[in-house]
Each structure stands twice: as structure tokens, then as C-alpha cells.
Amino acid sequence: MLSLLRAVNNGLIRRRIGLVVMVWCVVVMASLSWNLHQTYHMRKEIAFESARALYSQVLSTRLWNATHGPVYVPVSDEVQPNPYLQGLPHREIEGPEGNTLTMVNPAYMTRQISELARTHHGVIFTITSLNPLRPENVPNAWQADALRQFEAGVSEVGFFVEGEAGERQFNYMAPLFADAPCLVCHGHQGYQEGDIRGGLAVSLSFSRDGRWFGLVASHLAIALLGSLIIIALGGMLSRSYRLLSVSAKVDPLTNIPNRGFFNEQLALEWARNQREKTHLGLIMLDIDYFKSFNDTLGHQAGDNCLIHVANLIQAQLERPADFCARYGGEEFVILLPNTDALGAWHIAKKIHQALFMENLQHPASVFGRVTLSAGIVVERGTFDTAEAMLYAADIALYQAKSEGRNRSILGPITSSSSAPPISQV
Ligand SMILES: Nc1nc2c(ncn2[C@@H]2O[C@H](COP(=O)(O)OP(=O)(O)OP(=O)(O)O)[C@@H](O)[C@H]2O)c(=O)[nH]1
């Protein structure tokens with residue numbers, strides 16, 4: 001039974017389990033990449049919203065300045081008169097306390113606030129242009145690229161980069177359009193109201209996102225756990241399948257292969273034999289006077305006798321390829337690959353002798369003990385089909401019975417042959 005268990009080919013089940021594990025892992029990995037993508041997308045959305053808010057804030061401040069006409073603040077170390085407003089009337093005026101106030105236009109105010117934001121809040125925003133008045137407003141590479149994109153119709157640009165301190169930095173830029181107050185200084189550059197005259201670049205720092213680690217770890221755990229469950233359930237399924245396959249092939253009383261399994265084996269060996277043109281021996285055996293055995297000693301004793309004889313027959317087989325099955329009732333069959341008539345005869349003789357030595361009492365038999373009759377055939381180009389071979393063995397067995405039982409007959413026996421090749425133990 002154990003050897004049969006091993007013999008059942010469950011490679012297909014293993015391959016299927018492997019496939020299910022693979023599909024499971026692919027699904028988990030797809031979920032991971034979707035979640036990572038979503039996390040990145042969300043983070044980028046938040047970064048865009050924050051940058052847009054800052055951009056709007058700066059524009060509102062500039063608008064406030066532009067709307068209220070010249071704004072004046074006291075001249076100090078931080079706020080010196082703006083050289084780009086040189087020549088404008090009233091660039092400096094006297095304050096109520098006799099101090100000097102200087103004009104702060106939207107661009108100058110943006111620079112002032114930008115400086116405060118950079119030093120106090122770590123937020124960087126700068127005004128930049130492809131055609132700047134101030135040399136400090138010359139764009140860097142990404143800003144120049146963004147400015148060119150605005151001219152091509154793009155409304156904003158934003159992306160993450162690695163910050164200097166290893167943090168994530170989000171660079172954002174949206175266009176600045178020329179309006180009346182701007183043209184005071186930039187009019188001579190040929191700008192009209194509504195033209196894109198530059199952009200407001202914003203750089204925000206974000207801490208590194210540790211969520212990806214949690215996502216990767218949890219997905220790996222799910223993939224591993226799921227795979228283990230699939231493998232465990234698959235193993236149980238595979239074992240049940242093997243047990244089912246085996247029980248479908250084994251005779252429940254004697255625990256040796258049944259007739260169905262024998263038929264499969266016969267088809268295999270027949271095909272191999274036809275290919276390789278070797279000998280294939282077949283012995284059909286039947287317990288003598290078994291009805292009387294049951295009648296005198298009872299069915300339970302009959303069952304025990306069948307088990308005993310099955311084990312005894314199996315014990316006489318010499319090669320791993322030799323195959324014995326319960327063919328039905330008190331009938332057994334043996335397949336002997338690569339075995340000629342002499343070999344098959346030798347096995348039949350061994351069985352007769354072993355059973356004789358076993359001396360299983362059979363009071364109703366003329367022999368006083370359990371005996372067998374056997375029909376032997378050997379295929380080597382003799383039969384057209386496996387069924388014909390089996391039939392010939394059955395005829396030889398019948399002949400052994402009719403000649404007095406407790407013997408073997410070597411077939412084939414044909415009704416047409418005047419002198420059938422009958423041998424006898
Ligand atoms: N105890 C038991 N008896 C069985 C089993 N299978 C078949 N038999 C019996 O085996 C007997 C076979 O009887 P027959 O076919 O007349 O053959 P026989 O009495 O052995 O006579 P010969 O074969 O001519 O020697 C029947 O009585 C069946 O009931 C089984 O599994 N257990």
C-alpha cells in the first residue's frame with residue numbers, strides 16, 4: 001500500500017500547487033505596486049496642494065501691494081532702496097518721524113518675504129524668468145525647463161527630488177503673468193499685459209515617507225502566509241488525492257492491486273512489449289474448491305484464506321516489475337514483464353510449492369489443503385491483443401481445472417490445434 005502511495009504520480013498536483021502559489025504571489029505583488037503607486041500619488045497630490053496654496057498666497061500678497069499703490073517701509077539694513085526703482089519719483093520719502101521710507105513694489109516685497117520664509121520656515125520660493133531684469137532671477141536648469149513648458153501651454157510643473165539633507169524636496173512652479181504694476185519695470189522689455197513674464201518657483205521639504213516599508217513588509221508577510229496556507233492545504237489535498245487514487249486501485253480485502261489496476265498495468269506492459277519485442281508472461285490462478293471451503297469453514301475463514309493466498313503469491317514474485325492482482329472472487333492474476341515461458345513456469349511452480357508447504361487446511365478438498373490451479377501464457381508475437389492473451393490464460397486455467405486442479409497449464413490452447421502445447425506441473 002505504501003509503495004503504491006509512492007507510485008501514484010502526484011507531480012501534476014504539485015505543479016498546480018506551485019502555479020497557485022505563483023498566482024497568489026503575483027496578485028500580492030500587484031496589490032503592493034498599486035498601493036505604492038497610490039501612496040506616491042497621494043503624497044504628490046498633497047505636495048501639489050501645499051505648493052499651490054503657497055503660490056496663491058504669494059500672488060495675493062503681490063496683488064495687495066499692487067492694488068494699494070506704492071507701499072513704503074522704513075529703510076533698514078534688510079530693506080535698502082530698490083535700485084530697480086531708481087529714477088521713479090518718490091522712491092524715497094520722509095516718514096512721520098523724520099526717518100526715510102523707501103518704496104517697495106510687488107517684486108521687491110516678494111523677495112523680502114521669500115527671504116523671511118527661507119530663514120524662518122525653510123520654505124523657498126523665487127521669482128524667475130527667461131528674460132530677467134535681476135541677474136539673481138536667472139532660472140536654474142529645472143526652472144528654465146518649466147518656463148519653456150509654460151510657453152508651450154503647460155499650466156504648472158511639480159516633481160520630487162532628493163534634497164541636500166537627504167529629505168524629499170518638492171519643486172513646483174507656476175507662471176507669473178505681466179500686469180500693469182509689473183510693466184512699470186518690465187514694460188521696456190516688450191511685455192504686454194497677460195504675457196507670461198516668468199514663474200514663481202516653490203521648493204517644499206517633506207520628510208521621507210516610511211509608509212512604503214510598512215506596505216512592503218505587510219505584503220511580503222501576506223504573500224508568505226498565503227503561500228504557506230496554499231502549500232499546507234495543497235499538501236492535504238494531494239495526500240487525499242493519492243489515498244483516493246490508491247484506494248481506487250487496491251482490493252480492500254487483500255490489500256493488493258485490484259482488477260482495474262491490473263487492466264491498466266496490462267495495457268502498459270502490452271504496449272511496452274509490442275515496442276520492445278520482448279517476452280511478457282501472464283499467470284491466471286484460481287483457488288480450488290473454494291465454494292466448498294466457504295461452505296465448510298465459513299465466509300470469514302474464506303476471507304482469511306484469500307488474504308493469506310494473496311500475500312503468499314506476492315511473496316513469490318522476484319522482480320520489482322512483477323505485478324500481482326486480485327482479478328475477482330478467488331481468482332488472482334500475475335504479470336511478468338521480460339519473462340519467458342520457463343520463467344513464468346518457475347514462478348507458478350514456486351507458488352504451488354509455497355502453498356503446499358503452508359498446508360492451509362481444506363477438509364472439503366480432495367487434497368486436504370488449499371491448492372491453486374493456474375493458466376500460463378507468454379506473449380512474444382503470439383497474440384493479437386492483450387485481451388486475446390488474457391482469454392488464452394483463462395482457457396489454460398480452465399484446462400488445469402478440468403485436468404484435476406492443483407496444477408499449471410501452459411497455453412495457448414486452441415480448439416483447432418490437434419495437439420495443443422499443454423504442459424503440466
Ligand atoms: N469468503 C469469500 N468467498 C468468496 C469471495 N469472493 C468469491 N468467493 C467465493 O468463492 C467461491 C468460488 O466458487 P466457484 O466459482 O464455484 O469455484 P470453486 O468452488 O473454487 O471451484 P473451482 O474453482 O472449480 O475449484 C464462491 O462460493 C464465492 O462466493 C470473497 O471475497 N470471500
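Just so you know, ligand 1 is whichever comes first in the structure, and atom 1 is the first atom listed for that ligand. Because the structure is a prediction, the values reported are computed rather than measured.
- Aromatic ring pairs are classed by plane angle as parallel below 30°, tilted from 30° to 60° and perpendicular above 60°; the pair Y327 and F262 is perpendicular.
- Look at K291 and E330 and you find no salt bridge, because none of the NZ, NE, NH1 or NH2 atoms lies under 4.0 Å from a carboxylate O.
- Ion pairing of R369 with E358 is absent here, as no side-chain N (NZ or NE/NH1/NH2) approaches a carboxylate O to less than 4.0 Å.
- A ring-ring contact (aromatic ring centres under 6.0 Å, His included) check over residues 118-144, counting only residues at least two apart or in different chains, returns the pairs W142-F159.
- By the salt bridge (Lys or Arg N to Asp or Glu O under 4.0 Å) test, D286 pairs with K401, sequence neighbours left out.
- Identified under the salt bridge (Lys or Arg N to Asp or Glu O under 4.0 Å) test for residues 118-138, with sequence neighbours left out: R134-E136.
- Near ligand 1, L253, D286, I287, D288, Y289, F290, K291, N294, H299, G302, D303, L306, R326, G329, E330, K401, R405 each place a heavy atom less than 4.0 angstrom from the ligand.
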